[in-house]
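We use all heavy atoms of the structure for the numbers below, so side chains are in, but hydrogens, waters and symmetry mates are not. Order of the sequence lines fixes the chain letters, A, B, ..., with proteins taken first and strands second; residue numbering starts at 1 for each chain.
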Amino acid sequence: MKEIISKITKEYLYRLIKDGKRIDSRDMYEHRELKIQSNWIGAAEGSARVKLGDTDVVVGIKMDVGEPFPDTPDKGVVITSAELIPMASPNYESGPPREDATELARVVDRGIREGNVVDATKLCIEEGEKVWLIFIDMHILDFDGNLFDACGIGAMSALMNTMVPAEKFDLGEDYPLPIDHVVVPTTFSKIRDQILLDARLEEERISDTRLTVSTNENGNIVAMQKGLSGVFSYDEIRECIKKSKEIGEELRGRLANTSEEKI
Amino acid sequence: MGMDSDIKLIDENGLRLDGRKFDELREIKIEAGVLQRADGSAYLTWGENKVMAAVYGPRELHPRHAQNPSKAVVQARYNMAAFSVSDRKRPGPDRRSVEISKLISEALEEIVFVEQFPRAAVDVFIEVLEASAGTRCAALTAASVALADAGIPMSDMIASCAAGKIDGHVVLDLGQKEDNFGEADVPLAIVPRTDKVTLLQMDGDLTTEEFDKAMELAVGACKEIYEIQRDALKRRYSTSLEGYEDFEEDE
């Protein structure tokens, strides 16, 4: 089922946008309130619960020992999956992941993989035989738009507090997962000619197009994804990237210290 | 049940691994109305268990052939998060969760006034985010609060708790190790106002006397849990219904 929106809300949103305003009186490049509680799930190797406004997600990390892919015998494997469970929205149904869950998982995965958040060669135990598998599972509890940023931030935070369960596999003592880069996504939506950050559900429903930019601590871009059918101009893309670096910097500051936060 | 081991589940002082007495529950906390999108919701922690329940409905039931022309269908979905257990669980339903979903649906159908909503569905989604024995009881307990929070007409809530047998003693509310290495587990749920059982399972090995004792313990605990459920609802709605306490002691 598609997300629907009443005509009157739609027109109201368009009118606000025309005047340079948003439905919750945020600035165009302002995130909703962000809360991160890391280490939320004791049974997981690492975890985080992230609330971005009313969007509420849990990311859990599980690790296992398995075989590497034949073409990368000395590299560990990262497997990312997202579940848009029917709890989160009246429009989600149970069953295997659909298109949007797959896109979500792949966008988060790309940021982490291409951003070399975890150096995959450090996950090798025995070349060609045994490597660490990292499962990143994202569970959406409440859906109020912009799952990309909520899940991307959650996955990063969860990885940052992951303990490698070496003892369980007789591989010595547990140790913190080595993190090489801190990658965060920022997602921009375009409604008519206006670009805005962190769309909430009503805004997402009337968005023409969307761009997710993931940056690392060096200010470099590591992954991008344009979604939906609309178009961006070259200048708009440059502007999004510029903003993404600024906002990414701020988010990385938040991620550095999250264990004290409570949701 | 019945994994052989040398683990001692009860120490010389008669206390269990986590320091509980035989008839003592783990700590249970419930919060109602925690999700925005759902019509009703509840978050429950029960020892190390973390369970979230959400209710949608009554709403149109798809596919149409599943509709019942004389009443609503209560459809519960019990699901464990991949990261909720020590070895990652593959996402999606397995035989165990399908069975639990069915039992929970049937138990809840007993208390919901289903005849008021012919052809409709009342959907109950239960996510086990962290599991540490007793999740089906936790799930049913949380689901009842979420149903009430959604304003679904119902005769009562359901409270649920398990009792079991470890090291030859009948005890209440098995923890993870007790569940793995104990001798019996009896999950049970009741409708507290009528004192009737809506869910009962058992695995292991019990004498009739032991079963009676286990049922007595579990029923007692269910009544304690019922108070926690009621309290969660009161806390959720007391701000908008100031002075409500004056009216509610009529029974």
Side-chain angles (χ1 to χ4, degrees), chain A residues 1 3 39-49 51 53-66 79-97 101 105 133-145 158 162 165 168-169 200-201 263, chain B residues 31 33-43 45 47-60 62-63 75-93 97-98 101 121 123-133 135 139 142-143 146 150 176:
Chain A
M1 216 200 302
E3 294 279 351
N39 254 327
W40 195 57
I41 304 290
E45 269 75 83
S47 61
R49 179 161 177 202
K51 272 195 174 185
D54 282 337
T55 288
D56 193 344
V57 305
V58 191
V59 182
I61 311 284
K62 293 300 292 182
M63 291 183 72
D64 202 349
V65 172
I79 301 125
T80 313
S81 22
E83 278 203 79
L84 304 184
I85 49 177
M87 164 177 283
S89 157
N91 302 325
Y92 291 168
E93 288 165 24
S94 28
L133 315 178
I134 301 182
F135 293 92
I136 304 174
D137 286 289
M138 303 178 282
H139 229 66
I140 319 301
L141 303 178
D142 215 348
F143 172 49
D144 193 27
T162 294
K168 192 169 143 190
F169 297 95
R200 50 186 282 165
L201 188 60
I263 286 182
Chain B
E31 208 177 318
V34 288
L35 300 176
Q36 305 304 313
R37 227 37 224 290
D39 297 320
S41 58
Y43 173 59
T45 58
E48 301 296 310
N49 290 310
K50 289 189 175 73
V51 176
M52 186 83 82
V55 169
Y56 285 89
R59 61 179 178 183
E60 199 179 343
H62 293 290
Q75 315 184 103
R77 174 185 183 263
Y78 166 102
N79 184 46
M80 289 180 93
F83 45 76
S84 64
V85 276
S86 119
D87 291 327
R88 178 177 184 266
K89 186 202 165 287
R90 273 183 64 131
S97 51
V98 169
S101 300
D123 286 304
V124 183
F125 302 115
I126 305 157
E127 295 293 325
V128 178
L129 300 170
E130 186 165 357
S132 176
T135 55
Q176 186 69 67

With the side chain counted from C-beta on, respond yes when [X] and [Y] share a heavy-atom pair under 4.5 Å apart, and no when they do not.
X: B/Asp87; Y: A/Lys168; answer: yes
X: B/Leu129; Y: A/Leu141; answer: yes
X: A/Leu201; Y: B/Arg37; answer: yes
X: A/Glu83; Y: B/Asn79; answer: yes

Let me know if [X] has heavy atoms under 4.5 Å from chain A in its side chain, its backbone, both or neither.
X: B/Glu48; value: neither
X: B/Arg88; value: both
X: B/Ala53; value: backbone
X: B/Asp39; value: neither
X: B/Ser84; value: backbone

Angle class for the A/His139/B/Phe83 ring planes (parallel below 30°, perpendicular above 60°, tilted otherwise)?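 Answer is perpendicular, since the angle exceeds 60°.
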Indicate the atoms forming the closest heavy-atom contact of B/Arg59 with A/Pro90, along with that distance.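 B/Arg59 and A/Pro90 have their closest heavy atoms at NH1-O, 3.3 Å.
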Can you name the closest pair of heavy atoms from A/Arg49 and B/Met52 and give their distance?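 Reported closest heavy-atom pair: NH2-CE, 3.9 Å.
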Pairs of heavy atoms under 4.5 Å with chain B: top-ranked of A/Ile85, A/Val59, A/Ile61: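 Maximum pair count with chain B is reached by A/Ile85.
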Find the one option among A/Asp64, A/Asp56, A/Asp144, A/Val58 whose heavy-atom pairs under 4.5 Å with chain B are most numerous.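 Greatest number of close heavy-atom pairs with chain B: A/Val58.
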Check whether any side-chain N or O of B/Glu130 sits under 3.5 Å from a backbone N or O of A/Ala43 as a donor-acceptor pair, and report yes or no.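 Judged by distance alone, yes, a pair lies under 3.5 Å.
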Rounded at 0.5 Å granularity, tell me how far CZ in B/Arg90 sits from CZ in A/Phe135.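 B/Arg90 atom CZ to A/Phe135 atom CZ measures 9.5 Å (nearest 0.5 Å).
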From NZ (B/Lys89) to NZ (A/Lys62), nearest 0.5 Å: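 Rounded to the nearest 0.5 Å, the NZ-NZ separation comes to 13.0 Å.
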Which atoms of A/Asp137 approach chain B - backbone, side chain, both or neither, heavy atom under 4.5 Å: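 Backbone plus side chain of A/Asp137, per the 4.5 Å heavy-atom cut-off to chain B.
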Which answer fits A/Ser47, side chain, backbone, both or neither, if we ask what part of it has an atom under 4.5 Å from a heavy atom of chain B?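 A/Ser47 has no heavy atom closer than 4.5 Å to chain B.
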